[in-house]
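Here the structure is laid out as structure tokens; the discussion comes afterwards.
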Amino acid sequence: MPDADRRTDRLACEEPMAVELNDVRVATTMRTPGNDFELAVGFCFTEGLLGDAEIAQVKYCAAGSAVASDFNVVTVTTAGDAPEPRPRLTTTTSSCGFCGTSEIDELLAELDRVAGDPLPWESLAAAPARMRASQQLFDDTGAVHAAGLVDRDGSVSLVREDVGRHNAVDKLIGRMLLDGRLPAAGLGLVVSGRASFELVHKAWTGGFRALAAVSAPTALAATTAEAAGMQLAGFARNGAMTVYL
């Protein structure tokens, strides 16, 4: 193709990362490197693996190693006893993170309905555009998803990106847990893709009052959001959206 334009392009990085909780390997996920400690903590929290135990330490398994692959294992240690780890038996891919876990009914039975006043719908409608301004990795590669924390005024104060939707949400929730900001009562979560059951479950675990997605929710996601008492909106684009709950 002699007449074709040639240029250098940037591609999103996708690498495996193993998560260990109290020296037990609980999962391996395909993720975009960055905010790895948040991802490990957020995953353990949204999977219900921490119980009431507090985080004592988060570290790479091979501290001080010069081998890059040694930084693809993150160990989370709790200050108290955590529930017996419930490892995922399969690798969590970048496209679907909910594999190999316990029955859905068992997961949902552990959660109380979300608390806090409803968010103004106009704040949720404005959130995707405001989050978009912080999606630098997407601007560079066009290949990653984002999750953002929505305040009541519609501002998006925290954004995390990853090749996996579920990882982006876990990174954001992990950051909030480490900062002592959970449960997220009265706050919203905005995601750049569809609203799957898994994302609603993670939002519910984090205590978010609302979830707004750029694409559609699934039927199970809507049923789960209804059980949670959570606001749910889809097709949130250009200041408009479809309200489901």
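Residues R152 and S123 fail the side-chain proximity criterion, which asks for heavy atoms closer than 4.5 Å. A heavy-atom distance below 4.5 Å is not found between the side chains of T141 and L11. Side-chain contact between V191 and V214 is absent, with no heavy-atom pair separated by less than 4.5 Å. For the pair L124 and V243, the minimum side-chain heavy-atom distance is 4.5 Å or more. With a 4.5 Å cut-off on side-chain heavy atoms, L21 and T77 do not count as touching. M17 places a side-chain heavy atom less than 4.5 Å from the side chain of V74. Side-chain contact between T75 and V19 is absent, with no heavy-atom pair separated by less than 4.5 Å. At least one side-chain heavy atom of M176 sits less than 4.5 Å from a side-chain heavy atom of L158.
Looking only at distances, a side-chain donor or acceptor of R209 sits under 3.5 Å from a matching main-chain atom of G116. Distance alone, capped at 3.5 Å, places no donor-acceptor pair between the E161 side chain and the A146 backbone. Between the side chain of T32 and the backbone N or O of V163, at least one donor-acceptor pair lies under 3.5 Å. In terms of modelled atom types and a separation under 3.5 Å, the side chain of K202 and the main chain of E47 share no donor-acceptor contact. Side chain of R31 to backbone of G164: no donor-acceptor contact under 3.5 angstrom is found. In this structure a side-chain-to-backbone donor-acceptor pair under 3.5 Å is missing from S155 to S157.
The distance from the CG atom of L172 to the CG atom of L189 is 6.5 Å, given to the nearest 0.5 Å. The structure places CG of N35 at 11.0 Å from CZ of F37, a figure rounded to the nearest 0.5 Å. Here the CZ atom belonging to F138 is positioned 9.0 Å from the NE2 atom belonging to H145, to the nearest 0.5 angstrom. Atom CG of residue D52 and atom OG1 of residue T78 lie 11.0 Å apart, to the nearest 0.5 angstrom. Distance check: L182 CG to L187 CG gives 9.5 Å after rounding to the nearest 0.5 Å. Atom CZ of F45 is separated from atom CD1 of I173 by 7.0 Å, given to the nearest 0.5 angstrom.
Here the closest non-hydrogen pair linking V159 and S134 is CG2-CB, 3.9 Å. A53 and G80 make their closest contact through CB-O, 3.7 Å (heavy atoms, listed as atom of the first residue, atom of the second, distance). Taking every heavy atom of both residues into account, V76 and A40 meet most closely at CG2-CB, 3.8 Å. Closest heavy-atom contact between A79 and A56: N-CB, 3.7 Å. Of all heavy-atom pairs between C13 and P33, the closest is SG-CD, 3.7 Å. For the pair T28 and P16, the tightest heavy-atom approach, listed with the atom from each and the gap, is CG2-CB, 4.2 Å.
The closest side-chain donor-acceptor pair between D170 and T46 falls under 3.5 angstrom. Y60 and D36 share a donor-acceptor pair across their side chains, judged by distance under 3.5 Å alone.
Connection of F208 to Y244 is established within a shared hydrophobic cluster, with ILVMFWY side chains joined at heavy-atom distances below 4.5 Å, either directly or through further cluster members. In terms of hydrophobic clustering, with Ile, Leu, Val, Met, Phe, Trp and Tyr side chains grouped at heavy-atom distances under 4.5 Å, L149 and M230 are assigned to a common cluster. M241 and L199 fall into different hydrophobic clusters, where Ile, Leu, Val, Met, Phe, Trp and Tyr are joined by side-chain heavy atoms under 4.5 Å apart, directly or via other members. Residues W121 and V114 do not share a hydrophobic cluster, defined by chaining ILVMFWY side chains whose heavy atoms lie under 4.5 Å apart. Hydrophobic clustering (side-chain heavy atoms under 4.5 Å, transitive across Ile, Leu, Val, Met, Phe, Trp, Tyr) groups L177 together with F43.
Within 6.0 Å of CZ on R237 lie more than 12 heavy atoms contributed by other residues, nucleotides or ligands. At most 12 heavy atoms of other shown residues, nucleotides or ligands fall within 6.0 angstrom of atom CG in D112. Within 6.0 Å of the CG atom in D153, the count of heavy atoms belonging to other residues, nucleotides or ligands exceeds 12.
A salt bridge links D9 with R7: the closest approach of a Lys/Arg side-chain nitrogen to an acidic carboxylate oxygen falls below 4.0 angstrom. Taking a cutoff of 4.0 Å between a charged side-chain nitrogen and a carboxylate oxygen, E38 and R160 qualify as a salt bridge. A salt bridge links D139 and R132; the closest N-O separation between the charged side-chain nitrogens and carboxylate oxygens is under 4.0 Å.
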Between E20 and V26, is the side-chain contact (heavy atoms from CB on, under 4.5 Å) condition met? List the steps. CA-CA 6 Å; E20 295 185 349; V26 293; over 6 Å; no

Please assess V144 against D162 for the test side-chain contact (heavy atoms from CB on, under 4.5 Å), listing each intermediate value before the final yes or no. CA-CA 5 Å; V144 295; D162 196 275; 5.9 Å; no

Show, in sequence, the C-alpha distance, side-chain angles and deciding distance for S192 and R165, and conclude whether the side-chain contact (heavy atoms from CB on, under 4.5 Å) test is met. CA-CA 8 Å; S192 60; R165 296 183 306 274; 5.5 Å; no

Check the pair M131 / V150 against side-chain contact (heavy atoms from CB on, under 4.5 Å), numbers first and verdict last. CA-CA 9 Å; M131 180 175 72; V150 185; over 6 Å; no

